[in-house]
Student: 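Below is the structure I would like to discuss, written out as structure tokens.
Note: hydrogens, waters and symmetry copies are ignored here, and every other heavy atom, side chains too, is used. As the structure is a computational prediction, the values presented were derived from the model and not from experiment.
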Amino acid sequence: MKNYTLILIAGLLISSCAITKPYQNPQHAVYAKILTPYEKSLIDRKGEITKDIELYDPLDMNLWKAMLKGTLRIFKTEDPEVFNFVEIGPWVTMTRGGSHLLTSYHIKDTTLNDSLGNTLSKVVYYEDRLGKYSLEKKYTSRMIHHQLIQHVELFIDTALVSEFDMRILDYEIPKSDSQKRKVVVGVCNDYWEGKLVRTRMYDNEGNLIKESKWE
């Protein structure tokens, strides 16, 4: 079953201390708060529902400037008041410039997750003091020898400063990508002004086995 929700987050944040406790991720506490009694009953009976949501970003201090849109798989747990929220499919963070509520939204960050919550691709932008958006992070994932490997690239002022691979240990378990267990594997490269300045090598268990630096 699929449901749709549009909600202002401001009211929910007032009681954030009370609703966050059962959840490691504060955003999941917000998800729990917007579930209706009927949806909770449906989850209890069926074990799982799917819900489309559109809500203001809890991390946006302006409350109106950024918005999250995406789809959740919501699973029953042993505690009837605690749910397993899994972000699936495409997710976007919408944003709008200026200081007027009627300014049109445009897409800022995009994420594509699989049906188990693993992030397959993701791009994240940051806003500088002039209101310009620049690439901050980029994720891409692929299966290699029956292992899900997530490649991460980090940027500062549009320049690549670091890139590395992470192995997702529990990629077959449905849960949010942010809650997956990950270890850095293979080669991690750090750059400065376009030049390679450090390389670290990790084994398949995430243990550092070699490090090289260049001046």
Student: Any donor-acceptor pair under 3.5 Å linking the side-chain atoms of T77 with those of N84?
Tutor: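 Their side chains do not contain a donor-acceptor pair, so the 3.5 Å distance test is not met.
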Student: Begin from the C-alpha positions of E48 and K76 and carry the test salt bridge (Lys or Arg N to Asp or Glu O under 4.0 Å) through to its verdict.
Tutor: CA-CA 6 Å; E48 172 190 350; K76 179 181 179 180; over 6 Å; no
Student: Looking only at non-hydrogen atoms, find the nearest pair between Y23 and A29 and report the distance.
Tutor: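 The pair with the smallest heavy-atom distance is CD1-CA, 3.8 Å.
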Student: Do the side chains of K137 and D109 get close enough for a salt bridge, i.e. N-O under 4.0 angstrom?
Tutor: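 No salt bridge links K137 with D109.
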Student: For the residue pair D203 and V185, establish whether any side-chain heavy-atom pair is separated by less than 4.5 Å.
Tutor: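 Counting from C-beta outward, D203 and V185 never come under 4.5 Å.
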Student: Dump the intermediate steps for salt bridge (Lys or Arg N to Asp or Glu O under 4.0 Å) on E87 and R73, then the final yes or no.
Tutor: CA-CA 6 Å; E87 294 88 353; R73 286 180 75 186; over 6 Å; no
Student: State, without any angle test, whether S176 and H28 hold a side-chain donor-acceptor pair at a distance under 3.5 Å.
Tutor: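 Present: a donor and an acceptor within the cut-off.
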Student: Answer whether the closest heavy-atom distance between the side chains of V161 and F155 falls below 4.5 Å.
Tutor: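 No; the side chains remain at least 4.5 Å from each other.
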Student: For K40, is the NZ atom crowded, meaning more than 12 foreign heavy atoms sit under 6.0 Å from it?
Tutor: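 Count over threshold, so yes.
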Student: Could you check if a side-chain atom of R198 sits within less than 4.5 angstrom of a side-chain atom of E211, using non-hydrogen atoms only?
Tutor: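 Yes; the side chains approach each other to less than 4.5 Å.
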Student: Between E163 and Y191, does any side-chain donor sit less than 3.5 Å from a side-chain acceptor?
Tutor: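 Indeed, the side chains of E163 and Y191 share at least one donor-acceptor pair under 3.5 Å.
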Student: Can you name the closest pair of heavy atoms from L135 and Y126 and give their distance?
Tutor: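 Reported closest heavy-atom pair: O-CE2, 3.9 Å.
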Student: Looking only at atom types and distance, does a side-chain atom of S141 sit under 3.5 Å from a main-chain N or O of T119, one as donor and one as acceptor?
Tutor: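 Indeed, once roles are kept as given, a pair shorter than 3.5 Å links the two residues.
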Student: Treating Y171 as the side-chain partner and K180 as the backbone partner, does any N or O pair qualify as donor plus acceptor under 3.5 Å?
Tutor: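 No; zero donor-acceptor contacts below 3.5 Å.
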Student: Answer whether the closest heavy-atom distance between the side chains of R142 and D165 falls below 4.5 Å.
Tutor: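 Of all side-chain heavy-atom pairs linking D165 with R142, at least one is under 4.5 Å.
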Student: Inspect the contact between D177 and K182 and indicate whether a charged nitrogen and a carboxylate oxygen are less than 4.0 angstrom apart.
Tutor: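 Answer for the salt bridge query: yes.
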Student: Report yes or no: does D170 contribute a side-chain atom to a donor-acceptor pair with the main-chain N or O of I173 at less than 3.5 Å?
Tutor: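 No.
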Student: Side chains of Q147 and N204: any donor to acceptor distance under 3.5 Å?
Tutor: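 Side-chain D/A pair, N204 to Q147: present.
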Student: Counting only heavy atoms from other residues, nucleotides and ligands, does the tally under 6.0 Å from CG of D157 exceed 12?
Tutor: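 No, because the 6.0 Å sphere around CG of D157 holds 12 heavy atoms or fewer from other groups.
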Student: Would you indicate whether the side-chain heavy atoms of L72 and V86 approach each other to under 4.5 Å?
Tutor: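 In short, these two side chains do not touch, never coming nearer than 4.5 Å.
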Student: Salt bridge check, D190 against K213: does any charged N sit closer than 4.0 Å to a carboxylate O?
Tutor: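 D190 and K213: not salt-bridged.
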Student: Nearest 0.5 Å, what's the CD1-CD distance between I156 and E136?
Tutor: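 CD of E136 is found 9.0 Å from CD1 of I156.
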